[in-house]
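Report on one structure; see the data block that follows.
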Amino acid sequence: MSTSTTARRSARLAAIGLLAVGALVLSACGGSPEPVSTSPGKADPNADLTVGLVLEPTNLDIRHTSGAALEQVLVDNIYEGLVTRTQDNKVEDRLAASHEISPDGLTYTFTLNDGISFHDGTALTSADVVASYQTVKTDASVQGNTEFAGVAAISAPDAETVQITLTKPDQNFLFNLTGPAGLVFKTGDKTDLKTAENGTGPFTLQRWAKGSSIAFTRYDEYWGKKAQLAQVTFQYIPDFTAGVNAALDGSIDVLTAVDPNLVSQLKDSGDFAITTGRTTDKATLAFNNAKAPLNDARVRKALRLAIDHEALVEAVGAGETLYGPIPSLDPGYEDLSELVPFDPAEAKKLLKEAGQEKLDLTLTIPSFYGTTVAQVLVSDFAKVGVSLEVNRVEFATWLEDVYTNHDYELSFVLHVEPRDFGNWANPDYYFGYDNPEVQDLYAQSQAELDPAKSADLLKQAARIVSEDDAADWLYNGATLTAHIPGVSGFPKDSINSRIDLSGVTKTAD
Amino acid sequence: MLRYALTRGALLIAGLLVSSVIIFLTLRVFPGDVAQLIAGTQASPETVAALRESLGLNKPLPVQYGAWIGGILHGDLGTSQLSGASVGAELVEKARVTVPLGIMALTIALLIAVPFGILSAVMRGRSGGTSLNVAAQTIAAVPVIWAGMMLVVVFAQWLGWLPAQGFPRTGWTTPLKAFESLLLPALTIGIVEGAMLLRFVRSATMQAAGQDFVRTAAAKGLTRRQALIRHGIPAVGLSIVTVLGLQVAGIIVGSVVIEQLFTLPGIGRMLVADVGTRDLVKVQSELLVLTGFVLVIGFIVDLVHHTVDPRQRAEVD
């Protein structure tokens, strides 16, 4: 693995994120980001909400640990940044009352909201923001360090104002501030962040029973609109069936990441409303572009043509087809389905041309991903004369062999990060994809000041990546959530990376 | 006796030391490390390197080994590289599931093995004894995981008497629920281990039947069976103690599979998860504690033997 200086990344982990999402994987998308309201009753300000989740964070130190499981519960609930993102991935102000970007795209000026305090009672000032961001910039072990590579200076002209200067314009900088890199911590805090917290969010950490649950309590001194739940308990249930059972026996109010195959049980009970949320999960069948036989474009094309994507989505049970590297929630999305029609005959022809009529390939796949995808691929590939051997490995092994050492032919993982197109512009990333034109377009898109033009440049780059058959994007994952009728305002989209509970209510009964 | 205990004690310590080196080294052959896992796939090599440094993963192996063993000598099993939590505390917590499970399994195994083993020996040569023996042999050959699935099908799915998996979130504060959720897993291990133990009890009983003191008793006017029951069986008890030591090791190994199958939050499942996340310091300490446990049981069994059986004492001292 190696760095790309141009690529900026959202600082979220896939390692654990992938684990989390291994679970969340499937599910159909579409739909609006508005919260689902099914509750006619009156919201109870003393309500206690229990949410069932699949993957528990390994520790609570969001500064040093990456992982969707961690961000999902902590960001916006416990910790806050100057800006945050909405369910459909738009940036909006949070601790900042407003922000301004200079016409040259280099200077960001944020004005803080009034009355913000940390959970220990200390008032938050611009000095805390400066200190937090200086740490991100200077300490390589802190999440988001690479995203701050282009930061020239961070300063506080007065107690309410923070100014960040970049060395060159960066279209993704504000979005990156919505991740762990942008969170604000108290200057010189001695709290052990692995097990405790001192954030500014609407909830405080009440208790973490490792291996079982995390409980939050409403922070009554919160600077903004106070939470409408007195307490929230995240109950971790790693087994899908056990989660559904827990929902059915009434011990949880909301179940996230419902397995599409089990959703009918919840529906049939009549006690749950099911929502389908969009995600930026890209189920990526990576080809090792740097190594024979997959360095041959005809072979890559043939493999993509051989996959019946519609049938695959159906087998997975939820999600939508995706034919390029950018999902619909990210800037630069375009429907590229015309590039990869399902055409086994053409696939055979291409393989023959490439002299690979009898091809043996190995697919390396982390073991927590279920068997559906691999089974479909084995059968689709067999029809065009490619025999696929499936190599199931632990995630740590996948990280070492595939991700770090690039020792693989085909690989399958879900890439969950939003706006991670930069990986295709990084020739050192494990895809082994090296196209100067794509790298150039990506660099331009990041330097472009106008978001619409930037998105257009990304669109062009994404099309080239798909035309080059740099990988196959098997589907864009969706996430199913079940909740009892008394719960309203529970987020629906992108909840495998954010569960903002500030707008959630629950009725008394 | 003291000399014997000291010699055995020294052997125990040597055994632990050797195991610690083996555990430490074998874990190092795994590909992948915890730093990469914490940093994720979007991290730069600098981030991973900084993490590796702060976790001490880039130190030479002897230094890492020294730090680990040094901590253990001070009673500190270390902290998890992933969560920063104390390994000792988590072991104690998970033991609340695994130890009761082991005890229940062992009790079930003994309840099956001792009466039926003796019965099968006493009834040797008759159809009842033979069928008992054949049944035991068959059950002993069944993989634990398959036995578990069969029990789930019958008792959880068909009859609906017991939970198929999981452990109550409330833990032992709801003792009945906790007990219920351990019953199927304990039965699974207990039946399979019990069948193995049964065959041992049978042969030990038959062996005792051939001993001089049983024959003497028979010569004094007892029937063969009376002689066996009054004099032979107490002698069998001693050999059962030995085998029980081995059985405990079997149950620990069995619990890894069973806790996975029944999603019980015990030591076995923790171990599997920690290996998966390459939380090596934690895995090391966990394995060493388990190894130590088995070695200590062996030590105790030897001492008991030595104390109870006069013949052995004569040989050694």
Side-chain angles (χ1 to χ4, degrees), chain A residues 1-4 9-18 57-61 64-67 139-143 145-147 149 192 194-195 209-213 235 237-239 241-242 245-246 251 367-368 393-401 403-405 413 415 417 420 423 429-430, chain B residues 30-55 79-86 89-90 93-94 96-97 156 163-171 181 260-266 269-270 272-280 282:
Chain A
M1 155 182 125
S2 86
T3 345
S4 138
R9 300 96 178 252
S10 61
R12 321 178 352 140
L13 149 53
I16 305 206
L18 288 169
T58 50
N59 72 65
L60 300 183
D61 186 356
H64 295 94
T65 311
S66 74
D139 184 345
S141 74
V142 165
Q143 289 291 312
N145 176 260
T146 40
E147 294 165 6
D192 177 8
K194 279 184 170 167
T195 51
K210 203 172 175 324
S212 149
S213 65
Q235 188 73 57
I237 311 172
D239 181 87
T241 315
N245 290 342
S251 49
S367 49
F368 50 76
V393 297
E394 282 180 302
F395 192 62
T397 309
W398 183 89
L399 279 172
E400 172 93 0
D401 289 353
Y403 180 72
T404 307
N405 295 333
V413 285
H415 282 273
E417 289 78 13
D420 62 354
N423 293 335
Y429 203 66
Y430 80 95
Chain B
F30 279 114
D33 72 45
V34 71
Q36 182 70 63
L37 211 62
I38 292 173
T41 57
Q42 299 298 97
S44 68
E46 291 77 26
T47 307
V48 179
L51 263 170
R52 209 168 264 146
E53 165 112 40
S54 71
L55 292 169
T79 51
S80 156
Q81 292 172 320
L82 205 53
S83 72
S86 147
E90 212 184 324
E93 194 195 308
K94 304 293 182 198
R96 282 186 206 136
V97 172
Q165 57 179 358
F167 193 71
R169 275 169 240 149
T170 40
S181 59
Q260 213 61 25
L261 182 65
F262 288 91
T263 49
L264 293 172
R269 207 155 134 246
M270 169 173 70
V272 172
D274 293 338
V275 172
T277 54
R278 301 295 183 266
D279 201 342
L280 294 189
K282 203 164 161 227

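Chain naming here is simple, since letters A, B, ... match the order of the sequence lines and numbering starts at 1 in each. Quick caveat, the model's predicted, so the values are computed rather than measured.
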Using a 4.5 Å cut-off on heavy atoms from C-beta on, say whether the side chain of A:Pro238 contacts that of B:Arg269.
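In short, these two side chains touch, coming nearer than 4.5 Å.
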
For B:Ala39 and A:Gln143, the nearest pair of non-hydrogen atoms, with its separation, is O-NE2, 4.0 Å

Stepwise, does the side chain to side chain contact (heavy atoms under 4.5 Å, CB included) test hold for B:Gln42 with A:Thr146?
CA-CA 9 Å; B:Gln42 299 298 97; A:Thr146 40; over 6 Å; no

Portion of A:Ile237 that has a non-hydrogen atom of chain B nearer than 4.5 angstrom:
side chain

So what's closer than 4.5 Å to chain B heavy atoms on A:Asp401: side chain, backbone, both or neither?
side chain

If only atom types and distance count, is the side chain of B:Thr47 paired as donor or acceptor with the main-chain N or O of A:Ser141 below 3.5 Å?
no

In Å, rounded to the nearest 0.5 Å, how long is the span from [atom1] of [X] to [atom2] of [Y]?
X: A:His64; Y: B:Leu51; atom1: NE2; atom2: CG; answer: 7.5 Å
X: B:Arg278; Y: A:Phe395; atom1: CZ; atom2: CZ; answer: 11.5 Å
X: B:Thr41; Y: A:His415; atom1: OG1; atom2: NE2; answer: 6.0 Å
X: A:Asp61; Y: B:Ile38; atom1: CG; atom2: CD1; answer: 9.5 Å
X: A:Asn145; Y: B:Glu46; atom1: CG; atom2: CD; answer: 8.0 Å
X: B:Gln81; Y: A:Asn59; atom1: CD; atom2: CG; answer: 12.5 Å

Specify which of B:Pro31, B:Ala50, B:Gly84 makes the most heavy-atom pairs with chain A at under 4.5 Å.
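Max contact count across the listed options: B:Pro31.
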
Can you tell me which portion of B:Glu53 sits under 4.5 Å from chain A's heavy atoms? Options are side chain, backbone, both or neither.
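Neither part; nothing is under 4.5 Å.
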
Do you know which of B:Leu82, B:Val34, B:Thr277 makes side-chain contact (heavy atoms from CB on, under 4.5 Å) with A:Thr58?
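Between A:Thr58 and the candidates, side-chain contact (heavy atoms from CB on, under 4.5 Å) is satisfied uniquely by B:Leu82.
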
Against chain B, work out which of A:Ser367, A:Ser251, A:Ala246 has the most heavy-atom pairs shorter than 4.5 Å and name it.
A:Ser251

